[in-house]
Structures are given as C-alpha cells and as structure tokens.
Undergrad: 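Supplied in structure tokens, the structure appears directly below.
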Amino acid sequence: MEKLGISKLDLKRRNRMQILRVIRESGPISRVDVASALAITRAAVTIITNEMIEQGILLEIGEAPINSDRLQKGRRKILIDINMNCKFALGATVDEKEVTIGLTNLNCEILDKASMVIDERTTSKDIVTFIIDKCNEMMANSALDKNSVLGVGIGVVPSMWGKLKIFYKDGVLDFSNFIDRVSSGVSIDVRCGNAIGLMALASNDFRNPNGSQINQAFLHNGNQVNLAIINKNDLSPDYLSYTYMIEKYIVNPGGKSYEGYPDGSVKAEISRTAILNALYDIYSKENTPMLYELTEGDKSKINTDNVFTALFRGEQTVKDLVDDVISKYAVLVNNLAVSHFAQKIYIHNYNLNEKQFDYVKREMIRLIGEDVADRVVLSGVEGKTNFVGGCALIIQDNFYVRGGMC
C-alpha cells in the first residue's frame with residue numbers, strides 16, 4: 001500500500017522556512033512571538049531555533065527593549081534574528097548596456113562588484129566568460145568555498161533573451177542552455193530569471209509596515225518598459241515572464257500609434273524611444289535654444305540631465321513636453337495603484353537625481369493627488385548594483401525556501 005504524506009525532513013524544512021519568513025518580515029523577534037505568529041507551540045519553536053542558532057543561521061541579539069507603556073513582569077523576551085553573514089550569494093544582471101556582477105551577504109549588502117560594458121559587438125560567449133571569471137575571482141578574493149556560497153543568480157532583461165538564446169518553452173522561459181554554459185565554469189549552483197522580477201525582489205521591503213504586508217510595483221525603463229508586481233512579498237507569477245506587456249497599457253486614449261499596440265499605449269507615448277522622438281521633433285536652435293546649446297547642436301547628446309537643466313532655466317517648450325510625459329506617467333501610476341493595490345511603486349533606470357525626481361513628484365501630486373503620487377519612489381537598485389537582483393534570486397531559492405538547509 002502506497003504511503004502518502006509529508007516526510008520528517010520536508011516537515012522540518014517547512015517549519016524552518018516559516019520561522020525564517022516571520023523573522024525576515026518582522027525583524028528581531030522573540031520565540032514566543034514567532035510561536036504566536038505561526039500558531040505552533042513555543043516548545044517546538046525553541047527546539048527548532050536553538051538548532052538553527054547552533055548551526056549559525058540565527059543569532060540571539062539580546063533582550064527586547066523596555067516598553068514604558070506596557071511594563072512586563074519577569075524576564076524580558078530574548079530576541080532572535082537571522083545571521084546575515086552565515087552564507088553569501090553571487091549575482092549578475094545582463095541588460096542592454098552592461099553586465100554587472102557582485103557578491104553579497106544574505107541582506108544583499110555588497111562585498112564585491114564588477115561590470116563590463118557591452119554593445120552589439122559583444123557575443124554571448126563574452127558575457128558567459130565574464131560571469132564565470134568574475135564568480136571564481138570573487139570567491140577566491142574573499143576566501144569563500146562552494147559551501148559558503150549559495151550559488152549565483154543571474155537576471156537577464158527581456159531585450160537580451162534572444163542574444164543569449166533564452167526562449168519560451170510551453171509558455172515558460174527556458175534558461176537551461178544559458179545555465180549549462182555558465183555551470184560548466186563554476187562549482188556552485190546557477191539559477192536564472194527575468195531580471196525585471198529579480199530587481200523588483202531586491203528592491204522589495206520585506207518588513208511589514210504596521211503589521212501588514214503590502215503590494216509593490218516595479219517599473220523598469222530600458223529599450224522596453226517592463227513591470228513586475230510583488231504581491232505580499234512574493235513575485236506575482238503573471239509577471240515572471242511577460243513583464244513587457246505593460247507596454248500595451250493605454251495612457252493617452254486615441255493618442256500616438258505604434259504597430260501592434262493600441263493607440264496611446266505606453267510603447268507609443270512614454271517608452272524611451274517615444275520620448276526621444278518627441279524631443280527630436282521640437283529640437284532646434286530656434287525652438288529650444290537652451291537645450292540646443294547644452295547639447296552643442298547634436299541631438300544624440302540629449303539626456304535626462306540636459307533636458308531638466310533646460311527646463312529649470314525656463315525653456316518653456318521643453319517644460320511643456322516634460323510635463324506632458326509626466327501627465328501620461330501619472331495615468332500609468334494611478335492605474336497601477338488601483339489595479340494592483342500597489343502601496344509602493346518603484347521606478348528603475350530613469351536616471352533622475354533628487355531635484356529632478358522632486359519636480360516629477362510635484363507634478364504627479366498636482367495631477368493624481370498626494371496619496372497616490374507619494375507611493376512613487378526611486379529604486380535603490382540601480383546601474384552597477386543591478387546584480388543584487390540575481391543575489392535576491394539565489395538567496396530566496398537556496399536559503400529561505402530551503403529553511404536555511406543549504
């Protein structure tokens with residue numbers, strides 16, 4: 001007769017996984033509060049956490065601070081937390097302009113990093129070789145062996161999938177060919193995913209504000225506009241593969257056309273190419289003299305900084321165009337806040353400094369109100385730190401999902 005049920009090992013792993021999740025989301029916490037959150041006995045939590053402390057996965061960090069409003073009788077609670085340096089992670093991200101790679105602890109605190117600029121002449125072999133060489137170099141430099149490193153997580157943006165021979169198989173992204181090529185040169189586990197979702201995971205604030213989990217949206221700007229959704233600390237499966245479908249959203253009904261997209265779509269109105277084309281249309285010595293001077297009469301030098309410099313100096317034509325773009329983004333932000341109940345909307349790869357972002361936020365507040373506009377924040381994962389998306393993948397899969405049994 002076939003026996004059905006869960007094995008002792010699986011049960012142990014699940015219990016440890018749940019305990020790690022509670023600690024990750026609640027911060028330093030007592031064993032009794034872990035037991036209450038999981039509705040299991042304090043004795044069971046004590047046995048499991050004591051073993052994890054012996055293994056170096058958890059740490060006792062001292063007594064809970066005194067709450068003057070609710071004085072506690074007897075001994076104060078002892079708080080436990082995750083030992084963020086018990087394991088390490090390597091991560092890499094491949095986007096249209098560069099490959100970034102780095103080494104972090106479990107809290108994604110960066111210990112080492114490197115990058116390689118790429119262009120249309122860069123081959124997939126060049127990219128694979130760079131990742132292999134830097135993984136081995138970083139492990140050697142930090143005197144880490146394969147038992148200390150969870151593995152390497154690699155994120156690839158959608159526009160680079162074809163170059164690296166990453167295709168759909170039965171509706172799911174198939175990274176097996178790419179994984180095999182990287183695995184041939186490293187001694188650690190290799191995992192891959194859509195870079196957009198991984199960077200969203202790395203940007204995510206896992207702590208529960210006011211005791212409740214929130215949904216978060218991650219909006220990436222590149223050769224494509226991409227969207228990933230974090231639903232209560234988990235990546236929404238609907239956005240694991242098809243993050244670029246955000247380009248079909250309508251932000252200006254009846255607006256500009258782009259073949260294969262509805263009129264007034266994100267692709268036609270506020271993609272990087274669409275915005276540059278709109279700037280090229282107004283660009284001239286007579287029409288935009290300040291922007292023309294800043295770019296030395298060369299429209300290929302138009303970038304975020306000189307556009308905002310012209311705006312702040314009072315160039316009305318530029319201001320009108322920027323305000324029009326912001327108004328369309330405001331529509332998109334409002335739709336994300338409403339349709340996904342997103343309490344935070346991270347924007348990534350927009351190259352905005354603090355003053356520029358403040359201008360954008362003020363315009364959004366005017367258009368959609370403070371409550372929604374204040375949900376928009378700049379992603380902390382940018383440029384040469386994009387690799388932490390890959391680190392987030394390997395940490396999630398090989399540490400938290402396994403209950404630290406790695």
Undergrad: Using only atom types and a distance under 3.5 Å, with no angle test, would you say the side chain of E315 pairs donor to acceptor with the backbone of M290?
TA: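 Indeed, once roles are kept as given, a pair shorter than 3.5 Å links the two residues.
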
Undergrad: Compare every heavy atom of A310 with every heavy atom of L294, then report the nearest pair and how far apart it is.
TA: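 The pair with the smallest heavy-atom distance is CD1-N, 3.8 Å.
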
Undergrad: Salt bridge check: are R272 and E96 linked by an N-O gap of less than 4.0 Å?
TA: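 Answer for the salt bridge query: no.
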
Undergrad: Count the heavy atoms of every other residue, nucleotide or ligand shown that sit under 6.0 Å from NZ of K97, and state whether that count exceeds 12.
TA: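 At most 12 heavy atoms, drawn from other residues, nucleotides or ligands, come within 6.0 Å of this atom.
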
Undergrad: Quick one: does R375's side chain have a donor or acceptor within less than 3.5 Å of a partner on A342's backbone?
TA: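 Checking the backbone N and O of A342 against the side chain of R375, a donor-acceptor pair under 3.5 Å is found.
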
Undergrad: Would you indicate whether E109, at its atom CD, is surrounded by more than 12 heavy atoms from other residues, nucleotides or ligands within a distance under 6.0 Å?
TA: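 More than 12 within 6.0 Å, yes.
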
Undergrad: Does Y258 OH have over 12 foreign heavy atoms under 6.0 Å away?
TA: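 At most 12 heavy atoms, drawn from other residues, nucleotides or ligands, come within 6.0 Å of this atom.
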
Undergrad: Does the T49 side chain pair with the main chain of T46, one donor and one acceptor, at a distance under 3.5 Å?
TA: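 Yes, the answer is positive, given that a donor and an acceptor are paired below the 3.5 Å cut-off.
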
Undergrad: Begin with the C-alpha distance, continue with both residues' side-chain angles, and end with the deciding distance and a verdict on ring pair (Phe, Tyr, Trp, His ring centres under 6.0 Å) for F206 and Y400.
TA: CA-CA 13 Å; F206 284 89; Y400 286 104; 7.4 Å; no

Undergrad: Would you say K146 and S187 are linked by a side-chain donor-acceptor pair, where the criterion is simply a distance under 3.5 Å?
TA: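 No, K146 and S187 have no side-chain donor paired with an acceptor closer than 3.5 Å.
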
Undergrad: Decide if atom CE of M84 counts as having more than 12 heavy atoms of other residues, nucleotides or ligands within a radius under 6.0 Å.
TA: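 Yes, the 6.0 Å shell around CE holds more than 12 heavy atoms from other groups.
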
Undergrad: Is it the case that over 12 heavy atoms from other parts of the model lie below 6.0 angstrom from the CD atom of E137?
TA: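 Atom CD in E137 is crowded, with more than 12 foreign heavy atoms closer than 6.0 Å.
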
Undergrad: Between R31 and E60 (salt bridge meaning N to carboxylate O under 4.0 Å), is one present in this structure?
TA: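 Salt bridge between R31 and E60, a charged N being under 4.0 Å from a carboxylate O: yes.
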
Undergrad: Any chance you could measure I23, atom CD1, to D33, atom CG, to the nearest 0.5 Å?
TA: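 Rounded to the nearest 0.5 Å, the CD1-CG separation comes to 11.0 Å.
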
Undergrad: Is the shortest heavy-atom distance from the side chain of V149 to the side chain of L90 under 4.5 Å?
TA: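 Yes; the side chains approach each other to less than 4.5 Å.
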
Undergrad: Could you tell me whether the side chain of E269 and the main chain of K256 form a donor-acceptor pair under 3.5 Å?
TA: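 Pair found, side chain donor or acceptor close to backbone of K256.
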
Undergrad: Cation-pi check, K355 to F312: give yes when NZ or CZ is under 6.0 Å from the six-membered ring centre and within 45° of the ring axis, no otherwise.
TA: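 Relative to the ring axis of F312, which defines the angle, K355 lies inside both limits.
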
Undergrad: Kindly say whether S115 contributes a backbone atom to a donor-acceptor pair with the side chain of K134 at under 3.5 angstrom?
TA: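 Such a contact is absent between K134 side chain and S115 backbone.
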
Undergrad: Have D145 and S148 got a donor and an acceptor in their side chains that come within less than 3.5 Å?
TA: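 A pair is found: one side chain offers a donor N or O, the other an acceptor, under 3.5 Å apart.
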
Undergrad: Under 3.5 Å, is there a donor-acceptor pair between the Y359 and D323 side chains?
TA: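 Their side chains do contain a donor-acceptor pair, which is all the 3.5 Å distance test asks for.
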
Undergrad: Distance only, no hydrogens: is a donor on one side chain within 3.5 Å (strictly under) of an acceptor on the other, for N351 and E382?
TA: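 No - no donor-acceptor pair under 3.5 Å links their side chains.
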
Undergrad: So, N306 and N303: side-chain donor and acceptor under 3.5 Å apart, yes or no?
TA: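 Short answer, yes.
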
Undergrad: Does a side-chain N-to-carboxylate-O contact under 4.0 Å join D324 and K328?
TA: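 Result for this pair is yes, salt bridge flagged.
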
Undergrad: Relative to the ring of F218, is the ring of Y346 parallel (under 30°), tilted (30 to 60°) or perpendicular (over 60°)?
TA: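 Because their plane-to-plane angle lies in the 30° to 60° range, the rings of Y346 and F218 count as tilted.
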
Undergrad: For the residue pair N226 and H348, confirm or rule out a side-chain donor-acceptor distance under 3.5 Å.
TA: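 Judged by distance alone, the side chains do not pair up.
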
Undergrad: When you measure from the side chain of N277 to the backbone of T273, do you find a donor-acceptor pair of N or O atoms at a distance under 3.5 Å?
TA: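 Judged by distance alone, yes, a pair lies under 3.5 Å.
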
Undergrad: Under 3.5 Å, side chain of S184 to main-chain N/O of R181, donor-acceptor pair present?
TA: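 Checking the backbone N and O of R181 against the side chain of S184, a donor-acceptor pair under 3.5 Å is found.
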
Undergrad: Give a yes or no on whether a salt bridge exists between D10 and R13, defined as a side-chain N under 4.0 angstrom from a carboxylate O.
TA: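 Between R13 and D10 there is a salt bridge, with a charged N closer than 4.0 Å to a carboxylate O.
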
Undergrad: Looking only at atom types and distance, does a side-chain atom of N83 sit under 3.5 Å from a main-chain N or O of L59, one as donor and one as acceptor?
TA: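 Here the side-chain-to-backbone pair does not exist.
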
Undergrad: So which heavy atom on K163 is nearest to which on S124, and how close?
TA: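 Smallest heavy-atom distance, with atoms named: O-CB, 3.6 Å.
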
Undergrad: Take atom NZ of K165 as the centre, draw a 6.0 Å sphere, and report whether it contains more than 12 heavy atoms from other residues, nucleotides or ligands.
TA: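 No, because the 6.0 Å sphere around NZ of K165 holds 12 heavy atoms or fewer from other groups.
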
Undergrad: Whether the Q316 and D320 side chains hold a donor-acceptor pair (N or O, under 3.5 Å, no angle test) is what I'd like checked.
TA: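 Short answer, yes.
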
Undergrad: Does K299 make a cation-pi contact with Y283 (under 6.0 Å, within 45 degrees of the axis)?
TA: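 Not satisfied by the 6.0 Å and 45° rule.
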
Undergrad: Might you confirm whether atom CZ of F341 has over 12 heavy atoms from other residues, nucleotides or ligands at distances under 6.0 Å?
TA: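 Not buried by this count: 12 neighbours or fewer within 6.0 Å.
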
Undergrad: Walk me through whether I246 and L219 qualify under side chain to side chain contact (heavy atoms under 4.5 Å, CB included).
TA: CA-CA 9 Å; I246 184 69; L219 195 61; 4.2 Å; yes

Undergrad: Tell me whether K87 contacts the main-chain N or O of N147 through its side chain, where contact means a donor paired with an acceptor under 3.5 Å.
TA: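 Yes, the answer is positive, given that a donor and an acceptor are paired below the 3.5 Å cut-off.
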
Undergrad: If you measure only the distance, is there a donor-acceptor pair under 3.5 Å linking the side chains of S203 and S379?
TA: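 Looking only at side-chain atoms, S379 and S203 do form a donor-acceptor pair, the distance falling under 3.5 Å.
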
Undergrad: Distance-only, no hydrogens or angles: does the N349 side chain make a donor-acceptor pair with backbone N or O of N221 under 3.5 Å?
TA: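 Confirmed, N349 side chain pairs with N221 backbone.
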
